[in-house]
Structure formats: structure tokens, C-alpha cells
Amino acid sequence: MSATSASTTSGRAAAEAARNHKGTIWRDSPIVAIRNLRRVLRQPQIAIFVLIQPIMFVLLFRYVFGTAIPIPGFDYVQYLMPGIIAQTLVFGSATTAIGMTEDMKGGIIDRFRALPMSGGAVMAGRVVSDLAINLVSLVVMVVVGYLVDFRIVTSVGEALLALLLLIGLTLAFSSISAVIGLAVKEPEAAQSAGFIWLFPLTFISSVFVPTAGMPAPLRFFAEQVNPVSHVSNAARALTVDGYLCGTEICTDPTRAVLLSVVWIVGIMVIFVPLSIRMFRRLE
């Protein structure tokens with residue numbers, strides 16, 4: 001056997017061994033997440049967008065729309081901040097679809113397949129890195145909120161529970177976004193498809209205004225169906241000690257928290273396995 005043939009055979013054997021020796025999702029997903037975060041740091045326009053957009057939303061609604069929106073029993077900034085944080089995190093979850101399609105189009109997914117790593121780590125790493133970026137937005141919004149007179153008036157434990165619900169909502173919507181990205185496969189299409197359904201979902205909700213003045217069908221959807229409303233209400237109850245139940249102020253967070261958990265778990269039970277199945281079909 002010639003040296004060239006031996007080298008070719010050895011290379012094929014190594015490639016086959018790499019394909020057969022898969023890593024674990026727990027080991028590999030942090031590596032993928034760090035890779036994605038380094039990519040963001042090399043693109044400062046993304047970091048600027050992550051920092052500037054939350055500030056613009058807070059200031060716009062606090063000082064422009066807030067002057068014209070009366071909230072019975074609430075200072076508007078106290079009503080606004082938990083909801084607008086939820087809305088910003090939901091919008092931020094759409095970047096999962098865009099990132100997935102960019103990686104597929106750029107060929108990095110094919111390179112990952114040639115490595116001895118878990119296929120699920122690619123998706124998990126993408127979701128984790130996007131969550132980290134969204135948490136930066138959350139911190140920025142809380143800081144800006146405090147500068148414009150927002151105050152958390154509940155206990156540390158309640159505030160942490162609100163944070164966990166917001167993180168859960170982000171992960172749930174990121175799993176939907178991953179399915180969208182795997183379905184459309186193009187970054188431009190992912191950007192459109194990733195945001196077009198989020199606008200009605202966040203605006204037909206209790207994020208910015210009370211739902212009591214909405215037409216009956218929209219009010220029913222906002223109060224009874226929309227998971228963004230449930231998480232916003234739960235976050236309000238857990239941070240500012242109350243949320244609007246129609247025209248009444250409810251202070252018991254139990255119902256809103258339970259509905260939030262049901263929606264978050266239900267979305268992830270459906271879309272996480274679906275996204276994994278769609279990803280494996282690409283292999």
C-alpha cells in the first residue's frame with residue numbers, strides 16, 4: 001500500500017471515528033455558546049443594538065406614551081417596566097432564528113457535524129448564548145427603569161421568582177424561534193418570520209396598557225390566552241405587588257404565576273422536541 005493510500009485510509013477512518021464518537025450536550029453546548037458570544041463581541045453593532053434598544057423603549061413609553069395612558073391604581077412606570085421587560089425579552093428571542101439560519105448558510109453547522117460533538121449542543125449553545133445577551137438587555141432595562149423612578153417594592157425572593165419566569169418565557173420563545181429558523185433556512189426570511197407574529201402577540205396584551213378597554217375578542221385573548229400577558233402580570237405581582245384583573249387590582253400572584261408556568265412548560269414540551277427533530281433531519 002502506498003503512503004498516499006495509507007494516508008487517505010487513515011483520514012477516512014479518523015473522520016468516521018469522529019462521526020461515531022459523539023460528545024455530550026452538557027460538555028459541548030457551553031463551548032458553542034462561548035463561540036456565539038465571541039462572535040457578538042466581534043460585531044459591536046449587535047452589542048450597541050442590545051444596549052440602545054431597551055433604553056429607547058423605556059424612555060419612549062415612559063415619557064411619550066406614558067403621559068397619555070392612565071392606569072387605575074398604578075403609577076405608569078410601575079405598570080410599564082415589568083411588561084416592557086417581558087416584551088423586550090420576547091423580541092430578543094427572535095435572534096435565535098436569525099443566528100441559526102446564518103450558521104446554516106455560512107457552513108458552520110456542517111463543520112460541527114464533522115466534529116465529535118453532540119448535535120443537540122449546537123441548538124442548546126445557540127439558545128444559551130441568546131439568553132445571555134437578553135439578560136444583558138434585562139439588566140440595562142432595570143438600571144434605566146430605576147433612573148426613571150421604577151422601584152421593586154417586594155421581597156428579594158419574589159423578585160427572583162419574577163426573573164425566573166422571564167427567563168423561562170425567553171427560553172420558550174427561543175424554542176419557537178429555533179423551529180422558525182430551521183424551517184425557513186434563510187436569514188432574511190427568518191428575520192421577517194421571526195418578528196411578524198411577535199408584534200400582535202405583545203401589543204394585544206397587558207404589556208403596555210390595561211386590557212379592560214379592548215374590544216371583547218381582543219380582551220379575551222389578552223387576558224385568558226396570551227402567555228405574554230400572564231408573565232407580565234406575574235412579574236408585576238412579584239415586583240410591584242399588584243396587577244390589573246380587568247379594572248380591579250389583584251395582589252395575589254398565584255394565578256398569574258401558575259398560568260405562566262403552564263404556558264412556558266407547554267411551549268417547551270412541544271417546540272424543544274420539534275426543533276431537535278428538525279435539526280436532525282438536516283444531518
Side-chain angles (χ1 to χ4, degrees), residues 46-95 133-154 158-159 162-163 165-167 169-170 173 191 194-215 218-219 221-223 225-251 253 256 260:
I46 298 178
I48 292 172
F49 180 76
V50 168
L51 295 176
I52 296 299
Q53 184 193 25
I55 296 173
M56 289 180 60
F57 268 110
V58 172
L59 297 180
L60 180 66
F61 279 91
R62 172 69 174 95
Y63 293 113
V64 179
F65 295 103
T67 59
I69 303 175
I71 308 292
F74 281 93
D75 183 356
Y76 185 67
V77 69
Q78 293 292 90
Y79 181 89
L80 171 70
M81 287 306 303
I84 203 170
I85 289 172
Q87 179 254 3
T88 300
L89 294 178
V90 166
F91 275 17
S93 68
T95 58
I133 295 169
N134 286 326
L135 289 178
V136 172
S137 295
L138 185 150
V139 171
V140 170
M141 294 191 77
V142 171
V143 171
V144 175
Y146 263 74
L147 293 176
V148 297
D149 299 328
F150 169 68
R151 294 294 183 269
I152 296 174
V153 300
T154 54
E158 289 173 310
L163 175 62
L165 290 176
L166 291 167
I167 290 174
L169 182 70
T170 307
F173 276 72
Q191 187 166 8
F195 282 102
I196 194 169
W197 63 281
L198 290 177
F199 277 98
L201 196 66
T202 53
F203 281 92
I204 307 174
S205 72
S206 63
V207 166
F208 303 111
V209 296
T211 57
M214 295 180 180
L218 297 185
R219 179 177 177 180
F221 175 79
E223 293 181 352
V225 180
N226 194 340
V228 180
S229 288
H230 296 316
V231 174
S232 298
N233 290 336
R236 286 190 185 99
L238 294 166
T239 56
V240 301
D241 200 26
Y243 66 98
L244 286 176
C245 307
T247 57
E248 303 291 328
I249 296 179
C250 297
T251 57
S260 299

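Index from 1, following the sequence.
- Contact of the Ile249 side chain with the Leu244 side chain is registered, since non-hydrogen atoms from C-beta on lie closer than 4.5 Å.
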Exercise for review: Determine, stepwise, if the pair Leu163 / Leu238 fulfils side-chain contact (heavy atoms from CB on, under 4.5 Å).
Suggested key: CA-CA 9 Å; Leu163 175 62; Leu238 294 166; over 6 Å; no

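- Checking each of Val231, Leu169, Val228, Leu166 against Ser260 for a side chain to side chain contact (heavy atoms under 4.5 Å, CB included) leaves exactly one that passes, namely Val231.
- One distance of note links CZ of Phe57 with OG of Ser137; it measures 11.0 Å at 0.5 Å rounding.
- Rounded to the nearest 0.5 angstrom, Trp197 CH2 and Thr202 OG1 are separated by 10.0 Å.
- Side-chain atoms of Ser229 come within 3.5 Å of backbone N or O of Ala222 as a donor-acceptor pair.
- Residues Leu59 and Val148 share a closest heavy-atom pair of CD2-CG1, 4.0 Å.
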Practice item. Evaluate side-chain contact (heavy atoms from CB on, under 4.5 Å) for Asp149 paired with Arg62, printing each intermediate quantity in order. Key: CA-CA 10 Å; Asp149 299 328; Arg62 172 69 174 95; 3.7 Å; yes

Check your understanding: Are Phe173 and Leu89 close enough, and set up right, to give a side-chain contact (heavy atoms from CB on, under 4.5 Å), and what steps lead you there?
Key -> CA-CA 9 Å; Phe173 276 72; Leu89 294 178; over 6 Å; no

Would you tabulate the side-chain donor-acceptor contacts of residues 72-86 under 3.5 Å, counting partners in other chains and residues two or more places apart, or write 'none'?
| from | atom 1 | to | atom 2 | distance (Å) |
| --- | --- | --- | --- | --- |
| Tyr76 | OH | Phe208 | O | 3.0 |
| Gln78 | OE1 | Arg151 | N | 2.8 |
| Gln78 | NE2 | Arg151 | O | 2.9 |
| Tyr79 | OH | Ser206 | O | 2.9 |
| Tyr79 | OH | Val209 | O | 3.0 |

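- Contacts of Pro215 classified as side chain to side chain contact (heavy atoms under 4.5 Å, CB included), with partners at least two apart in sequence or in another chain: Pro217, Leu218.
- Heavy-atom minimum distance, Met141 versus Pro54: CG-CB, 3.2 Å.
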Practice item. Step by step, work out the side-chain contact (heavy atoms from CB on, under 4.5 Å) result for Val143 and Phe150. Key: CA-CA 9 Å; Val143 171; Phe150 169 68; over 6 Å; no

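- Shown here are the side chain to side chain contact (heavy atoms under 4.5 Å, CB included) partners of Ala159, two or more places apart in sequence or in another chain: Ile152.
- Side-chain atoms of Asn226 come within 3.5 Å of backbone N or O of Ile204 as a donor-acceptor pair.
- To the nearest 0.5 Å, atoms CG (Leu198) and CZ (Phe203) are separated by 11.0 Å.
- When all heavy atoms of Val207 and Gln87 are compared, the pair lying nearest together is CG1-CB, 3.9 Å.
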